[in-house]
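Each chain gets a letter, A, B and so on, in the order its sequence line appears, and its residues count up from 1. Keep in mind it's a predicted model, so treat the numbers as computed, not measured.
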Number of protein chains: 2
Amino acid sequence: MSLNVDDPAPGTDTVVIVPSTSADAPTRQRRRGEDLESALLLAVWEEFTDVGFYDLTFEAVARRAGTSRAVLYRRWPGKIELVAAAARYALAKQRGPEPEPTGSLREDLVARLRWANRTDVRSMIAATTHVGAYLAAEGVTFAEVRTMMMPTSSSATFSPIDAAIARGEVDPAHVTPRLASLAFDLFRHEVLLNAQPLTERAISEIVDEIVVPLLTRKE
Amino acid sequence: MSLNVDDPAPGTDTVVIVPSTSADAPTRQRRRGEDLESALLLAVWEEFTDVGFYDLTFEAVARRAGTSRAVLYRRWPGKIELVAAAARYALAKQRGPEPEPTGSLREDLVARLRWANRTDVRSMIAATTHVGAYLAAEGVTFAEVRTMMMPTSSSATFSPIDAAIARGEVDPAHVTPRLASLAFDLFRHEVLLNAQPLTERAISEIVDEIVVPLLTRKE
DNA sequence: CTCGTAAGATACAGACTGTATCCTAGGAGC
DNA sequence: GCTCCTAGGATACAGTCTGTATCTTACGAG
(Lines give C-alpha, C1' and ligand atoms only; values in the text may rest on other atoms or scores of the structure.)
Protein backbone atom coordinates (compact mmCIF):
# COMPACT_ATOMS: atom_id res chain seq x y z
CA MET A 1 0.00 0.00 0.00
CA SER A 2 1.31 3.42 -0.89
CA LEU A 3 -0.02 6.57 0.54
CA ASN A 4 -1.68 9.43 -1.26
CA VAL A 5 -1.88 12.16 1.24
CA ASP A 6 -3.75 15.30 0.34
CA ASP A 7 -1.86 18.26 1.61
CA PRO A 8 -4.40 19.98 3.80
CA ALA A 9 -4.77 23.71 3.89
CA PRO A 10 -3.33 25.14 7.09
CA GLY A 11 -5.90 25.10 9.79
CA THR A 12 -7.78 22.20 8.32
CA ASP A 13 -8.49 19.71 11.05
CA THR A 14 -8.77 16.53 9.07
CA VAL A 15 -6.34 14.64 6.92
CA VAL A 16 -7.72 12.35 4.29
CA ILE A 17 -5.73 9.27 3.45
CA VAL A 18 -6.78 7.54 0.29
CA PRO A 19 -5.44 4.02 0.21
CA SER A 20 -4.45 3.32 -3.34
CA THR A 21 -4.78 -0.44 -3.21
CA SER A 22 -8.47 -0.44 -2.44
CA ALA A 23 -10.92 2.10 -3.70
CA ASP A 24 -13.52 0.72 -1.26
CA ALA A 25 -11.62 1.23 1.99
CA PRO A 26 -13.38 3.56 4.39
CA THR A 27 -12.09 7.09 4.51
CA ARG A 28 -10.03 7.75 7.60
CA GLN A 29 -9.66 11.08 9.23
CA ARG A 30 -6.86 10.44 11.67
CA ARG A 31 -3.76 8.47 10.92
CA ARG A 32 -2.29 6.03 13.36
CA GLY A 33 0.65 3.77 13.90
CA GLU A 34 2.85 3.05 10.93
CA ASP A 35 0.86 5.11 8.49
CA LEU A 36 1.23 8.18 10.65
CA GLU A 37 4.88 7.61 11.34
CA SER A 38 5.67 7.19 7.67
CA ALA A 39 3.85 10.40 6.85
CA LEU A 40 5.71 12.22 9.58
CA LEU A 41 9.10 10.98 8.50
CA LEU A 42 8.38 11.74 4.88
CA ALA A 43 7.46 15.28 5.83
CA VAL A 44 10.63 15.66 7.85
CA TRP A 45 12.73 14.39 5.00
CA GLU A 46 11.10 16.62 2.44
CA GLU A 47 11.50 19.61 4.69
CA PHE A 48 15.12 18.73 5.36
CA THR A 49 15.81 18.35 1.66
CA ASP A 50 14.10 21.67 0.96
CA VAL A 51 15.55 23.90 3.62
CA GLY A 52 18.45 22.03 5.18
CA PHE A 53 19.20 21.25 8.78
CA TYR A 54 19.52 24.73 10.13
CA ASP A 55 16.26 26.12 8.81
CA LEU A 56 14.24 23.05 9.56
CA THR A 57 11.68 23.68 12.30
CA PHE A 58 9.22 21.47 14.14
CA GLU A 59 6.54 23.97 13.27
CA ALA A 60 7.14 23.69 9.54
CA VAL A 61 7.40 19.92 9.66
CA ALA A 62 4.15 19.66 11.57
CA ARG A 63 2.48 21.93 9.07
CA ARG A 64 3.81 19.91 6.16
CA ALA A 65 2.70 16.67 7.76
CA GLY A 66 -0.71 18.02 8.61
CA THR A 67 -0.30 17.31 12.26
CA SER A 68 0.38 19.08 15.51
CA ARG A 69 3.79 19.61 17.02
CA ALA A 70 2.83 17.60 20.05
CA VAL A 71 2.65 14.52 17.84
CA LEU A 72 6.22 15.10 16.77
CA TYR A 73 7.51 15.83 20.25
CA ARG A 74 5.85 12.69 21.55
CA ARG A 75 8.21 10.71 19.40
CA TRP A 76 11.32 12.76 19.03
CA PRO A 77 12.65 15.07 21.73
CA GLY A 78 14.54 17.36 19.39
CA LYS A 79 15.73 18.16 15.93
CA ILE A 80 18.64 15.79 16.01
CA GLU A 81 16.51 12.78 16.74
CA LEU A 82 13.91 13.92 14.25
CA VAL A 83 16.34 14.26 11.37
CA ALA A 84 18.17 11.09 12.33
CA ALA A 85 14.94 9.11 12.22
CA ALA A 86 13.98 10.66 8.91
CA ALA A 87 17.34 9.83 7.41
CA ARG A 88 16.97 6.24 8.55
CA TYR A 89 13.52 6.14 7.02
CA ALA A 90 14.69 7.63 3.74
CA LEU A 91 17.54 5.20 3.56
CA ALA A 92 15.23 2.24 4.06
CA LYS A 93 12.88 3.55 1.39
CA GLN A 94 15.43 4.23 -1.29
CA ARG A 95 17.30 0.96 -1.04
CA GLY A 96 17.95 0.94 -4.72
CA PRO A 97 20.34 -1.57 -6.14
CA GLU A 98 23.99 -0.72 -5.76
CA PRO A 99 26.02 -0.77 -8.92
CA GLU A 100 27.02 -4.14 -10.32
CA PRO A 101 30.65 -5.22 -10.09
CA THR A 102 32.56 -4.26 -13.20
CA GLY A 103 35.76 -6.27 -12.80
CA SER A 104 37.83 -3.10 -12.68
CA LEU A 105 38.78 -1.27 -9.51
CA ARG A 106 38.57 2.09 -11.13
CA GLU A 107 35.18 1.43 -12.70
CA ASP A 108 33.81 -0.01 -9.49
CA LEU A 109 34.84 3.08 -7.53
CA VAL A 110 33.54 5.49 -10.15
CA ALA A 111 30.23 3.67 -10.36
CA ARG A 112 29.83 3.77 -6.62
CA LEU A 113 30.60 7.45 -6.37
CA ARG A 114 28.15 8.16 -9.19
CA TRP A 115 25.55 6.17 -7.31
CA ALA A 116 26.30 8.07 -4.12
CA ASN A 117 26.03 11.30 -6.07
CA ARG A 118 22.26 11.04 -6.42
CA THR A 119 20.39 13.71 -4.55
CA ASP A 120 18.84 11.53 -1.92
CA VAL A 121 22.11 9.92 -0.96
CA ARG A 122 23.77 13.30 -0.70
CA SER A 123 20.98 14.50 1.55
CA MET A 124 21.55 11.42 3.64
CA ILE A 125 25.20 12.27 4.04
CA ALA A 126 24.37 15.82 4.97
CA ALA A 127 21.87 14.63 7.55
CA THR A 128 24.31 12.18 9.02
CA THR A 129 26.96 14.80 9.30
CA HIS A 130 24.79 17.45 10.87
CA VAL A 131 23.55 15.03 13.45
CA GLY A 132 27.02 13.73 14.00
CA ALA A 133 28.49 17.15 14.52
CA TYR A 134 26.02 17.69 17.32
CA LEU A 135 26.47 14.39 19.00
CA ALA A 136 30.24 14.66 18.65
CA ALA A 137 30.12 17.45 21.19
CA GLU A 138 28.73 14.86 23.56
CA GLY A 139 31.52 12.43 22.96
CA VAL A 140 29.74 10.30 20.38
CA THR A 141 32.07 9.32 17.57
CA PHE A 142 31.15 9.64 13.94
CA ALA A 143 31.35 5.89 13.49
CA GLU A 144 28.79 5.46 16.24
CA VAL A 145 26.50 8.00 14.66
CA ARG A 146 26.75 6.30 11.34
CA THR A 147 25.94 2.95 12.90
CA MET A 148 23.01 4.49 14.71
CA MET A 149 21.57 5.96 11.56
CA MET A 150 22.57 3.44 8.98
CA PRO A 151 22.59 -0.02 10.52
CA THR A 152 25.07 -2.18 8.71
CA SER A 153 23.20 -4.56 6.53
CA SER A 154 23.78 -8.15 7.45
CA SER A 155 24.20 -8.93 3.80
CA ALA A 156 27.80 -8.67 2.79
CA THR A 157 28.11 -5.66 0.54
CA PHE A 158 30.39 -5.72 -2.39
CA SER A 159 33.68 -3.97 -1.83
CA PRO A 160 35.66 -2.76 -4.84
CA ILE A 161 38.85 -2.98 -2.80
CA ASP A 162 38.23 -6.54 -1.67
CA ALA A 163 37.52 -7.55 -5.22
CA ALA A 164 40.71 -5.89 -6.44
CA ILE A 165 42.70 -7.67 -3.73
CA ALA A 166 41.21 -10.95 -4.88
CA ARG A 167 42.24 -10.16 -8.47
CA GLY A 168 45.79 -9.40 -7.27
CA GLU A 169 45.61 -5.74 -8.24
CA VAL A 170 45.92 -4.41 -4.72
CA ASP A 171 48.38 -5.38 -2.01
CA PRO A 172 46.34 -5.91 1.18
CA ALA A 173 49.27 -4.55 3.18
CA HIS A 174 48.43 -1.12 1.77
CA VAL A 175 44.81 -1.17 2.82
CA THR A 176 44.56 0.69 6.09
CA PRO A 177 41.14 1.67 7.44
CA ARG A 178 41.78 5.24 6.40
CA LEU A 179 42.69 4.26 2.90
CA ALA A 180 39.69 1.95 2.71
CA SER A 181 37.36 4.85 3.44
CA LEU A 182 39.31 7.48 1.52
CA ALA A 183 37.15 7.62 -1.59
CA PHE A 184 34.01 8.09 0.39
CA ASP A 185 35.66 10.51 2.83
CA LEU A 186 36.67 12.73 -0.05
CA PHE A 187 33.22 12.39 -1.54
CA ARG A 188 31.61 13.40 1.74
CA HIS A 189 33.97 16.31 2.04
CA GLU A 190 32.81 17.54 -1.37
CA VAL A 191 29.16 17.00 -0.46
CA LEU A 192 29.56 19.05 2.69
CA LEU A 193 31.19 21.91 0.88
CA ASN A 194 29.01 22.15 -2.20
CA ALA A 195 25.31 22.18 -2.75
CA GLN A 196 25.63 20.80 -6.26
CA PRO A 197 26.29 17.21 -7.26
CA LEU A 198 29.92 16.38 -7.84
CA THR A 199 30.98 16.81 -11.42
CA GLU A 200 32.22 13.83 -13.37
CA ARG A 201 35.58 15.52 -13.31
CA ALA A 202 35.63 15.68 -9.53
CA ILE A 203 34.75 12.02 -9.33
CA SER A 204 37.48 11.00 -11.70
CA GLU A 205 40.00 13.23 -9.91
CA ILE A 206 39.23 11.53 -6.63
CA VAL A 207 39.50 8.07 -8.15
CA ASP A 208 42.28 8.54 -10.68
CA GLU A 209 44.57 11.01 -8.96
CA ILE A 210 44.28 9.79 -5.41
CA VAL A 211 42.54 6.58 -4.56
CA VAL A 212 43.59 4.24 -7.34
CA PRO A 213 47.27 5.28 -7.44
CA LEU A 214 47.47 4.70 -3.69
CA LEU A 215 45.76 1.36 -3.78
CA THR A 216 47.65 -0.02 -6.78
CA ARG A 217 51.16 1.12 -5.95
CA LYS A 218 53.81 -1.55 -5.75
CA GLU A 219 56.22 -0.34 -3.03
CA MET B 1 46.00 48.85 23.37
CA SER B 2 44.07 45.84 24.53
CA LEU B 3 40.58 45.99 25.80
CA ASN B 4 39.32 45.07 29.21
CA VAL B 5 35.62 45.01 28.91
CA ASP B 6 33.56 44.50 32.03
CA ASP B 7 30.69 42.22 31.24
CA PRO B 8 27.69 44.30 32.18
CA ALA B 9 24.71 42.88 33.94
CA PRO B 10 21.78 42.54 31.55
CA GLY B 11 19.88 45.78 31.45
CA THR B 12 22.87 47.90 32.42
CA ASP B 13 23.05 50.84 30.11
CA THR B 14 26.74 51.67 30.22
CA VAL B 15 29.80 49.77 29.24
CA VAL B 16 33.07 50.81 30.78
CA ILE B 17 36.17 50.35 28.71
CA VAL B 18 39.36 50.54 30.65
CA PRO B 19 42.27 51.11 28.30
CA SER B 20 45.16 49.11 29.65
CA THR B 21 47.94 51.22 28.12
CA SER B 22 47.03 54.37 29.98
CA ALA B 23 45.57 54.50 33.43
CA ASP B 24 44.82 58.21 32.98
CA ALA B 25 42.62 57.99 29.89
CA PRO B 26 39.14 59.36 30.46
CA THR B 27 36.46 56.81 31.09
CA ARG B 28 34.16 56.37 28.14
CA GLN B 29 30.64 55.22 28.32
CA ARG B 30 29.95 54.48 24.70
CA ARG B 31 32.26 52.78 22.31
CA ARG B 32 32.69 53.92 18.75
CA GLY B 33 34.38 53.05 15.52
CA GLU B 34 37.14 50.51 15.66
CA ASP B 35 36.93 49.92 19.39
CA LEU B 36 33.29 49.06 19.12
CA GLU B 37 33.70 46.89 16.09
CA SER B 38 36.51 44.92 17.71
CA ALA B 39 34.42 44.36 20.78
CA LEU B 40 31.51 43.22 18.65
CA LEU B 41 33.57 40.81 16.61
CA LEU B 42 35.26 39.44 19.68
CA ALA B 43 31.87 38.77 21.22
CA VAL B 44 30.69 37.04 18.07
CA TRP B 45 33.76 34.90 17.95
CA GLU B 46 33.53 33.91 21.59
CA GLU B 47 29.87 33.07 21.23
CA PHE B 48 30.59 31.08 18.09
CA THR B 49 33.36 29.17 19.83
CA ASP B 50 31.10 28.51 22.81
CA VAL B 51 27.89 27.42 21.15
CA GLY B 52 28.66 26.83 17.49
CA PHE B 53 27.02 28.18 14.41
CA TYR B 54 23.57 26.76 14.86
CA ASP B 55 22.94 28.00 18.39
CA LEU B 56 24.51 31.37 17.88
CA THR B 57 21.91 34.17 18.07
CA PHE B 58 22.07 37.90 17.53
CA GLU B 59 20.40 38.30 20.88
CA ALA B 60 23.12 36.41 22.73
CA VAL B 61 25.91 38.13 20.85
CA ALA B 62 24.45 41.53 21.62
CA ARG B 63 24.15 40.59 25.26
CA ARG B 64 27.72 39.35 25.38
CA ALA B 65 28.97 42.49 23.67
CA GLY B 66 26.95 44.74 25.93
CA THR B 67 25.16 46.36 23.04
CA SER B 68 21.84 46.34 21.32
CA ARG B 69 20.89 44.15 18.39
CA ALA B 70 20.32 47.20 16.23
CA VAL B 71 24.04 47.90 16.40
CA LEU B 72 24.77 44.47 15.02
CA TYR B 73 22.12 44.65 12.35
CA ARG B 74 23.44 48.01 11.21
CA ARG B 75 26.62 46.28 10.19
CA TRP B 76 25.71 42.75 9.32
CA PRO B 77 22.38 41.75 7.80
CA GLY B 78 22.43 38.19 9.03
CA LYS B 79 24.23 35.42 10.81
CA ILE B 80 26.32 34.43 7.83
CA GLU B 81 27.83 37.84 7.44
CA LEU B 82 28.27 38.19 11.17
CA VAL B 83 30.19 34.95 11.55
CA ALA B 84 32.17 35.56 8.39
CA ALA B 85 33.32 38.93 9.69
CA ALA B 86 34.18 37.47 13.07
CA ALA B 87 36.21 34.69 11.48
CA ARG B 88 38.10 37.26 9.45
CA TYR B 89 38.73 39.24 12.60
CA ALA B 90 39.88 36.21 14.54
CA LEU B 91 42.20 35.22 11.76
CA ALA B 92 43.79 38.64 11.67
CA LYS B 93 44.24 38.62 15.44
CA GLN B 94 45.78 35.22 15.78
CA ARG B 95 48.33 35.54 13.00
CA GLY B 96 50.82 33.47 14.86
CA PRO B 97 53.93 32.34 13.08
CA GLU B 98 53.52 29.34 10.86
CA PRO B 99 55.87 26.46 11.48
CA GLU B 100 59.43 26.81 10.22
CA PRO B 101 60.53 24.75 7.23
CA THR B 102 62.11 21.48 8.34
CA GLY B 103 63.74 20.27 5.15
CA SER B 104 61.54 17.19 5.10
CA LEU B 105 58.24 16.93 3.30
CA ARG B 106 56.77 14.71 5.92
CA GLU B 107 57.84 16.89 8.82
CA ASP B 108 56.65 20.02 7.06
CA LEU B 109 53.21 18.52 6.53
CA VAL B 110 52.95 17.16 10.05
CA ALA B 111 54.05 20.46 11.55
CA ARG B 112 51.45 22.31 9.54
CA LEU B 113 48.66 19.99 10.47
CA ARG B 114 49.64 20.25 14.11
CA TRP B 115 49.59 24.01 13.80
CA ALA B 116 46.18 23.88 12.16
CA ASN B 117 44.99 21.60 14.95
CA ARG B 118 44.95 24.42 17.49
CA THR B 119 41.49 25.28 18.71
CA ASP B 120 41.21 28.68 17.13
CA VAL B 121 42.20 27.46 13.72
CA ARG B 122 39.73 24.64 13.93
CA SER B 123 37.00 27.10 14.88
CA MET B 124 38.02 29.09 11.85
CA ILE B 125 37.58 26.11 9.61
CA ALA B 126 34.22 25.35 11.11
CA ALA B 127 33.09 28.93 10.59
CA THR B 128 34.29 28.96 7.01
CA THR B 129 32.48 25.77 6.25
CA HIS B 130 29.20 26.75 7.82
CA VAL B 131 29.17 30.01 5.96
CA GLY B 132 30.24 28.27 2.80
CA ALA B 133 27.52 25.69 3.01
CA TYR B 134 25.00 28.48 3.11
CA LEU B 135 26.43 30.51 0.31
CA ALA B 136 26.92 27.39 -1.78
CA ALA B 137 23.17 27.16 -2.05
CA GLU B 138 23.38 30.51 -3.78
CA GLY B 139 25.95 29.36 -6.26
CA VAL B 140 29.01 30.67 -4.46
CA THR B 141 31.88 28.21 -4.60
CA PHE B 142 33.89 27.21 -1.58
CA ALA B 143 37.00 28.71 -3.08
CA GLU B 144 35.21 32.04 -3.33
CA VAL B 145 34.06 31.82 0.24
CA ARG B 146 37.53 31.04 1.42
CA THR B 147 38.91 34.01 -0.50
CA MET B 148 36.22 36.21 0.96
CA MET B 149 36.98 35.20 4.50
CA MET B 150 40.67 34.60 4.39
CA PRO B 151 42.22 36.99 1.94
CA THR B 152 45.32 35.44 0.46
CA SER B 153 48.26 37.09 2.00
CA SER B 154 50.42 38.85 -0.51
CA SER B 155 53.46 37.40 1.19
CA ALA B 156 54.39 34.16 -0.41
CA THR B 157 53.65 31.47 2.11
CA PHE B 158 55.88 28.50 2.40
CA SER B 159 54.61 25.39 0.67
CA PRO B 160 55.91 22.01 1.76
CA ILE B 161 55.13 20.62 -1.68
CA ASP B 162 56.99 23.36 -3.52
CA ALA B 163 59.99 22.87 -1.28
CA ALA B 164 59.92 19.12 -1.88
CA ILE B 165 59.75 19.70 -5.62
CA ALA B 166 62.77 21.96 -5.37
CA ARG B 167 64.64 19.24 -3.46
CA GLY B 168 63.73 16.73 -6.17
CA GLU B 169 61.62 14.61 -3.86
CA VAL B 170 58.38 15.23 -5.69
CA ASP B 171 57.64 15.03 -9.41
CA PRO B 172 55.71 18.20 -10.30
CA ALA B 173 53.74 16.20 -12.85
CA HIS B 174 51.98 14.51 -9.94
CA VAL B 175 50.88 17.70 -8.26
CA THR B 176 47.34 18.35 -9.31
CA PRO B 177 45.29 20.99 -7.51
CA ARG B 178 43.38 18.27 -5.75
CA LEU B 179 46.53 16.57 -4.56
CA ALA B 180 47.99 19.89 -3.49
CA SER B 181 45.05 20.48 -1.16
CA LEU B 182 44.60 16.87 -0.10
CA ALA B 183 46.24 17.05 3.31
CA PHE B 184 44.20 20.03 4.33
CA ASP B 185 41.00 18.62 2.79
CA LEU B 186 41.35 15.50 4.88
CA PHE B 187 42.15 17.61 7.91
CA ARG B 188 39.06 19.72 7.36
CA HIS B 189 36.99 16.61 6.91
CA GLU B 190 38.13 15.39 10.32
CA VAL B 191 37.49 18.79 11.88
CA LEU B 192 33.95 18.81 10.57
CA LEU B 193 33.20 15.38 11.87
CA ASN B 194 34.76 15.54 15.29
CA ALA B 195 34.61 18.04 18.09
CA GLN B 196 37.99 17.02 19.44
CA PRO B 197 41.39 17.89 18.07
CA LEU B 198 42.86 15.36 15.71
CA THR B 199 45.01 12.80 17.42
CA GLU B 200 48.67 12.54 16.53
CA ARG B 201 47.78 9.20 15.04
CA ALA B 202 45.20 10.70 12.72
CA ILE B 203 47.68 13.30 11.59
CA SER B 204 50.34 10.75 10.85
CA GLU B 205 47.83 8.51 9.06
CA ILE B 206 46.87 11.35 6.77
CA VAL B 207 50.46 12.24 6.04
CA ASP B 208 52.13 8.83 6.01
CA GLU B 209 49.44 6.62 4.54
CA ILE B 210 48.01 8.98 1.97
CA VAL B 211 49.64 12.27 1.18
CA VAL B 212 53.34 11.47 1.21
CA PRO B 213 53.09 8.15 -0.67
CA LEU B 214 51.10 9.91 -3.40
CA LEU B 215 53.46 12.84 -3.68
CA THR B 216 56.66 10.85 -3.63
CA ARG B 217 55.72 7.99 -5.93
CA LYS B 218 57.91 7.44 -8.96
CA GLU B 219 55.49 6.22 -11.67
C1' DC C 1 -21.18 -1.88 22.57
C1' DT C 2 -17.24 0.03 26.02
C1' DC C 3 -12.75 1.46 27.10
C1' DG C 4 -8.19 3.07 26.47
C1' DT C 5 -4.98 5.60 23.98
C1' DA C 6 -2.97 8.87 21.33
C1' DA C 7 -4.03 12.20 17.38
C1' DG C 8 -4.87 16.77 16.75
C1' DA C 9 -6.08 21.38 18.40
C1' DT C 10 -5.04 24.97 21.22
C1' DA C 11 -3.06 27.81 24.94
C1' DC C 12 0.82 29.51 27.46
C1' DA C 13 5.31 31.69 28.54
C1' DG C 14 9.53 32.55 26.88
C1' DA C 15 13.22 33.35 23.40
C1' DC C 16 14.49 35.20 19.22
C1' DT C 17 14.06 37.82 14.75
C1' DG C 18 13.87 41.92 12.02
C1' DT C 19 12.46 46.41 12.07
C1' DA C 20 11.34 51.00 13.67
C1' DT C 21 11.73 54.86 16.74
C1' DC C 22 13.65 57.70 20.26
C1' DC C 23 17.18 59.77 23.26
C1' DT C 24 21.66 61.25 23.75
C1' DA C 25 26.80 60.29 24.03
C1' DG C 26 30.66 61.21 21.33
C1' DG C 27 33.44 63.62 17.99
C1' DA C 28 34.26 66.98 14.37
C1' DG C 29 34.39 71.61 13.17
C1' DC C 30 34.25 76.40 14.26
C1' DG D 1 33.89 77.01 24.73
C1' DC D 2 29.82 76.06 21.42
C1' DT D 3 26.87 73.74 17.72
C1' DC D 4 25.72 70.12 14.81
C1' DC D 5 25.63 65.52 13.16
C1' DT D 6 25.76 60.71 13.63
C1' DA D 7 25.34 56.44 15.39
C1' DG D 8 25.30 53.86 19.98
C1' DG D 9 22.16 51.99 22.94
C1' DA D 10 17.44 51.29 24.68
C1' DT D 11 13.06 49.94 23.77
C1' DA D 12 8.75 48.65 21.41
C1' DC D 13 6.32 45.98 18.11
C1' DA D 14 4.58 42.01 15.49
C1' DG D 15 5.63 37.72 14.16
C1' DT D 16 7.73 32.96 14.44
C1' DC D 17 9.24 29.22 16.90
C1' DT D 18 10.09 26.26 21.07
C1' DG D 19 8.74 23.23 24.66
C1' DT D 20 5.13 22.07 27.44
C1' DA D 21 0.48 21.35 29.13
C1' DT D 22 -4.36 20.41 28.59
C1' DC D 23 -8.54 19.15 26.35
C1' DT D 24 -11.60 16.76 23.02
C1' DT D 25 -12.43 12.91 20.48
C1' DA D 26 -11.20 9.65 16.61
C1' DC D 27 -9.60 5.16 16.24
C1' DG D 28 -8.92 0.29 17.33
C1' DA D 29 -9.07 -3.59 20.42
C1' DG D 30 -11.87 -6.53 23.00
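Contact annotation: Thr67(A) side-chain N/O to dA7(C) OP1/OP2 distance is not under 4.0 Å. One finds a side-chain N or O of Arg63(A) lying less than 4.0 angstrom from the OP1 or OP2 phosphate oxygen of dC17(D).
The nearest whole Å value for the distance from the CG atom in Asp35(A) to the P atom in dA6(C) is 16 Å. Atom CZ in Phe58(B) sits roughly 17 Å away from atom C1' in dT16(D) (whole-Å rounding). Atom CZ of Arg64(A) is separated from atom P of dC17(D) by 13 Å (rounded to the nearest Å). Atom P of nucleotide dC5(D) and atom CZ of Arg32(B) are separated by 14 Å, given to the nearest angstrom. Atom-to-atom, CD of Glu59(A) to C1' of dT10(C) comes out at 12 Å; the value is rounded to the nearest Å. In this structure, the CD atom of Gln29(A) is 19 Å from the P atom of dT24(D), given to the nearest Å. Separating the CD1 atom of Ile80(A) from the P atom of dG19(D) is a distance of 11 Å, rounded to the nearest angstrom. Atom OH of Tyr73(A) is separated from atom C1' of dT10(C) by 15 Å (rounded to the nearest Å).
Put simply, CG on Leu198(A) and OG on Ser204(A) are 10.5 Å apart, with the number rounded to the nearest 0.5 Å.
Base contact: Ala70(B) has a heavy atom under 4.0 Å from a base atom.
Inter-residue side-chain proximity for Glu190(B) and Leu113(B) is flagged as unmet; no heavy-atom pair is nearer than 4.5 Å.
Nearer the 5' end of DNA chain D, as judged by each residue's closest nucleotide, is the contact made by Leu40(B), out of Arg69(B) and Leu40(B).
In this structure, the side chain of Glu46(B) does not engage the main chain of Ala43(B) through any donor-acceptor pair within 3.5 Å.
Taking the six-membered ring for Trp and thresholds of 30 and 60 degrees, Phe58(A) and Tyr73(A) have nearly parallel ring planes, at less than 30 degrees apart.
Side-chain to base pairing of Arg74(A) with dG8(C): one donor and one acceptor N or O lie within less than 3.5 Å of each other.
Comparing dT18(D), dA7(C), dG9(D) by their closest approach to the side chain of Leu36(A) singles out dA7(C).
Ion pairing of Arg75(B) with Glu81(B) is absent here, as no side-chain N (NZ or NE/NH1/NH2) approaches a carboxylate O to less than 4.0 Å.
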